[in-house]
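Notes follow once the structure below has been shown.
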Amino acid sequence: MSREMLTVDGLQYSNWSREIFEQMREGGLDAVHATLVYHETTRETLSRLGEWNRRFEAHADLIMPVRGPGDIARAQASGRIGVFLGAQNCSPIEDDIDMVEVMRDLGLLIMQLTYNNQSLLACGCYEAEDSGITRFGRQVIREMNRVGMVIDMSHSAERSTLEAIELSSRPVIISHANPESFHSAKRNKSDRVLRAIAECDGLLGFSAYPFHLRNGPDCTLAEYCEMIARTADLMGVEHLGIGTDLCQNQPTSVLDWMRNGRWSKDMDYGEGSAANAGWPRPLAWLRDSRDFPNLIQGLRDVGMNEDEVAGIMGRNWVALLERAATPQGIAKVA
């Protein structure tokens, strides 16, 4: 694959190993947004950061940390994969607004305000009533804007998402979801939300998780890329990226942790069901990161030109991080 194509995956949560990092390099990935935590507390989040520090040390020839947008170009130039970290919930800050800046300083570039449920900040997409952004949430949005932590509304409900966009002075993203018009799922987003994301100069990362796709695991590459092309007409191609939601080699216990955390005594099946409780069957054209060239060719096959393909495959993600992940007026301890 030509090194002119900068490739970024806007969301993965794999069972990280040298084998997976080698697959990323083989598939031409230059950077990945890796989920750091789901429901972990501040202390547990620090341990997850420590685990990543060990990975960066052990696999320094393959991966490097991304603390700012410029690090992605440095990773590409060095032949390594840049890893930028994100939280799929606001649990890392608990009820302490000071933790926003602390976590950003430690390398947390992205944070979702909710994960399916009501949080201290906003409402998740699985709640019956969407209460919108909370008083604490308004403060946190302002602080995330200041320190350069990107606001991600992938698992949030509609009112909360629209209010976050209105309140934020910087672009808001949906790192991994699809248009509701393509497939009706609680996690997918209405045209109203997608237009608002575009209007705030944000970004939508298209999910390849089968529960987010028409025909599930049988969704074809052509259908997926046609969905992207149609969304470009709605949002503008510059606001589109990829966020596969690949969860390679993860045991079912990890899926249960995502869905249930510590909050539920009853089994919550999330986007699955009692009859379909495990990981969905993988897509034939995206089994792992080695299949990323399929996405590039698929976008070409639906009529995207080379600049559009390059934007969707990675350059739009870098531009978004430049707009939203650069700190403004950070105070430092002497």
Side-chain angles (χ1 to χ4, degrees), residues 9-17 19-21 32-55 83-96 99 103 106-127 152-157 174-177 185-188 205 207-213 216-217 243-282 288-289:
D9 190 348
L11 199 286
Q12 287 196 23
Y13 184 62
S14 293
N15 190 359
W16 308 108
S17 65
E19 177 190 15
I20 285 175
F21 298 140
V32 61
H33 167 204
T35 293
L36 180 68
V37 292
Y38 283 88
H39 311 290
E40 285 85 340
T41 63
T42 301
R43 179 63 183 84
E44 290 166 333
T45 300
L46 294 175
S47 292
R48 302 291 87 77
L49 286 163
E51 289 166 5
W52 269 108
N53 284 344
R54 289 178 182 238
R55 292 186 190 109
V83 179
F84 53 107
L85 299 173
Q88 292 221 36
N89 206 345
C90 61
S91 59
I93 69 167
E94 298 184 19
D95 59 356
D96 187 347
M99 289 302 103
M103 290 296 172
L106 293 173
L108 189 70
L109 262 66
I110 296 172
M111 186 173 76
Q112 291 188 50
L113 300 193
T114 67
Y115 187 83
N116 292 345
N117 291 357
Q118 174 78 45
S119 76
L120 290 178
L121 307 182
C123 190
C125 61
Y126 271 64
E127 298 287 2
D152 185 354
M153 303 301 285
S154 293
H155 283 259
S156 299
I174 293 167
S175 63
H176 59 301
K186 290 181 179 179
R187 277 270 289 101
N188 285 341
S207 170
Y209 191 54
F211 285 135
H212 302 158
L213 298 170
T244 62
D245 208 5
L246 276 175
C247 299
Q248 286 179 243
N249 299 344
Q250 292 284 23
T252 305
S253 60
V254 166
L255 185 62
D256 291 342
W257 170 244
M258 292 179 193
R259 292 170 169 174
N260 295 273
R262 284 179 282 255
W263 65 271
S264 178
K265 293 177 77 173
D266 300 322
M267 180 59 70
D268 187 284
Y269 296 106
E271 292 153 316
S273 64
N276 187 18
W279 292 105
R281 176 167 48 88
D288 56 50
S289 294

Rounded to the nearest 0.5 Å, what separates atom NE2 in His39 from atom SG in Cys90? 11.0 Å
Checking side-chain contact (heavy atoms from CB on, under 4.5 Å) for the pair Asp152/Gln88: CA distance, chi angles, key distance, verdict? CA-CA 8 Å; Asp152 185 354; Gln88 292 221 36; over 6 Å; no
Distance (rounded to the nearest 0.5 Å) between Ile93 CD1 and Thr41 OG1: 13.0 Å
Provide the closest heavy-atom pair for Pro217 versus Pro210 in the form atom of the first, atom of the second, distance. N-CB, 3.7 Å
Sorted by chain and residue number, the side chain to side chain contact (heavy atoms under 4.5 Å, CB included) partners of Asn260 (sequence neighbours excluded) come out as Asp256, Ser264, Met267, Asp268
Can you run down the salt bridge (charged side-chain N to carboxylate O under 4.0 Å, His left out) pairs that involve residues 38-50, sequence neighbours left out, and say none if there aren't any? Glu44-Arg262, Arg48-Glu51
Ignoring hydrogens and geometry, is there a side-chain-to-backbone donor-acceptor pair from Ser119 to Thr114 under 3.5 Å? no
Interatomic spacing from CG in Leu85 to CD1 in Ile110 - rounded to 0.5 Å: 9.5 Å
Please round to the nearest 0.5 Å and tell me the distance separating atom CH2 of Trp16 and atom CG of Asn249. 10.5 Å
To check you understand the geometry: which heavy-atom pair defines the closest contact between Ala185 and Phe211, and what is its length? CB-O, 4.0 Å
Would you say the side chain of Arg187 lies within less than 4.5 Å of the side chain of Asn116, judging by non-hydrogen atoms? yes
Output yes when a side-chain donor or acceptor of Arg281 lies under 3.5 Å from a complementary backbone atom of Gly216, and no otherwise. no
Hey, what's the ring geometry for His33 with Phe84, parallel, tilted or perpendicular (30° and 60° as the breaks)? parallel
Partner of Leu246 under side chain to side chain contact (heavy atoms under 4.5 Å, CB included), picked from Ser289, Ser207, Pro282, is Ser289
Distance from Asn89 atom CG to Asn117 atom CG, nearest 0.5 Å? 8.0 Å
Applying side chain to side chain contact (heavy atoms under 4.5 Å, CB included) to Asp96 and not counting sequence neighbours gives Asp98, Met99
The test is side-chain contact (heavy atoms from CB on, under 4.5 Å); show your working for Leu106 and Leu46 and say whether it passes. CA-CA 9 Å; Leu106 293 173; Leu46 294 175; 3.6 Å; yes
Run the numbers on Lys186 and His155 for side-chain contact (heavy atoms from CB on, under 4.5 Å), then give the verdict. CA-CA 9 Å; Lys186 290 181 179 179; His155 283 259; over 6 Å; no
Can you tell me how the ring of Tyr38 sits relative to the ring of Tyr115, calling it parallel under 30°, perpendicular over 60° and tilted otherwise? perpendicular
Asp9 (side chain) donor-acceptor with Thr244 (main chain) under 3.5 angstrom: yes
Do Asn188 and His212 have side-chain atoms, one donor and one acceptor, less than 3.5 Å apart? no
Show your working on side-chain contact (heavy atoms from CB on, under 4.5 Å) between Met111 and Leu121 and close with a plain yes or no. CA-CA 11 Å; Met111 186 173 76; Leu121 307 182; 4.2 Å; yes
How far apart are the closest heavy atoms of Ala87 and Leu108, and which atoms are they? N-CD1, 3.7 Å
At what distance, to the nearest 0.5 angstrom, does CD of Gln250 lie from CD of Gln12? 10.5 Å
Can you see whether Ser154 engages Gln112 through a side-chain donor-acceptor pair at a distance of less than 3.5 angstrom? no
